[in-house]
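For reference, positions follow the sequence shown, starting with 1.
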Amino acid sequence: MGYRWTDSLDIALDLMEEHPDADPMKLNFTQLRAWVIALENFDDNPEHSGERVLEAIQLVWLSEVD
């Protein structure tokens, strides 16, 4: 089974690997959502995302970069 929207850490780690030069603070939520949906391991309904979910992924990504 692939990632769900609630798998913030796993998603953030994959995004870091897929986009090593990206600054998560400079991404808008539309771009972040597209990148999450494009992940090979992502297997959730794309319509179930929202600002809170995307913000959680962004915050985990930021904490892993630091």
Side-chain angles (χ1 to χ4, degrees):
M1 185 167 180
Y3 300 151
R4 317 268 315 149
W5 284 111
T6 54
D7 297 323
S8 301
L9 177 59
D10 294 321
I11 291 171
L13 293 174
D14 273 13
L15 289 171
M16 288 173 62
E17 188 173 311
E18 293 269 331
H19 306 280
D21 297 326
D23 180 349
M25 286 307 292
K26 293 185 179 179
L27 282 178
N28 63 46
F29 285 151
T30 304
Q31 184 64 54
L32 179 57
R33 181 181 179 275
W35 283 5
V36 171
I37 293 168
L39 290 173
E40 182 178 335
N41 292 325
F42 182 76
D43 187 35
D44 201 352
N45 184 338
E47 301 306 315
H48 288 168
S49 70
E51 280 191 30
R52 292 182 110 187
V53 171
L54 295 168
E55 184 177 35
I57 294 167
Q58 186 182 41
L59 290 173
V60 171
W61 189 351
L62 282 169
S63 72
E64 291 298 314
V65 171
D66 291 340

Out of curiosity, [X] [atom1] to [Y] [atom2], how far, rounded to the nearest 0.5 Å?
X   : Y   : atom1 : atom2 : value
E51 : R33 : CD    : CZ    : 12.5 Å
L62 : I57 : CG    : CD1   : 12.0 Å
I11 : E18 : CD1   : CD    : 12.5 Å

**N41 side chain reached by D10 side chain, heavy atoms, under 4.5 Å** = no
**Asked** According to the side-chain hydrogen bond (donor to acceptor under 3.5 Å, both in side chains) rule, which pairs have a member within residues 19-29, sequence neighbours left out?
**Response**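 Non-adjacent pairs meeting side-chain hydrogen bond (donor to acceptor under 3.5 Å, both in side chains): zero.
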**Request:** Only counting residues at least two apart or in another chain, list the ones meeting salt bridge (charged side-chain N to carboxylate O under 4.0 Å, His left out) with E40.
**Result:** none
**Item:** Results of salt bridge (charged side-chain N to carboxylate O under 4.0 Å, His left out) for D44 - residues two or more places apart only
**Value:**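 Residues passing salt bridge (charged side-chain N to carboxylate O under 4.0 Å, His left out) with D44: R4.
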**Prompt:** Who pairs with Y3 by ring-ring contact (aromatic ring centres under 6.0 Å, His included), at least two apart in sequence or on another chain?
**Reply:** none
**Over all atoms of both residues, closest heavy-atom pair of G2 and D7** = O-OD2, 4.2 Å
**Q31 versus L27, closest heavy-atom pair with distance** = CG-CD2, 3.6 Å
**Request:** Sequence neighbours left out, what pairs pass ring-ring contact (aromatic ring centres under 6.0 Å, His included) with at least one residue falling in residues 39-66?
**Result:** W5-F42
**Request:** For E55, check side chain to side chain contact (heavy atoms under 4.5 Å, CB included) against everything at least two apart and list the hits.
**Result:**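 Expected list: F29, L59.
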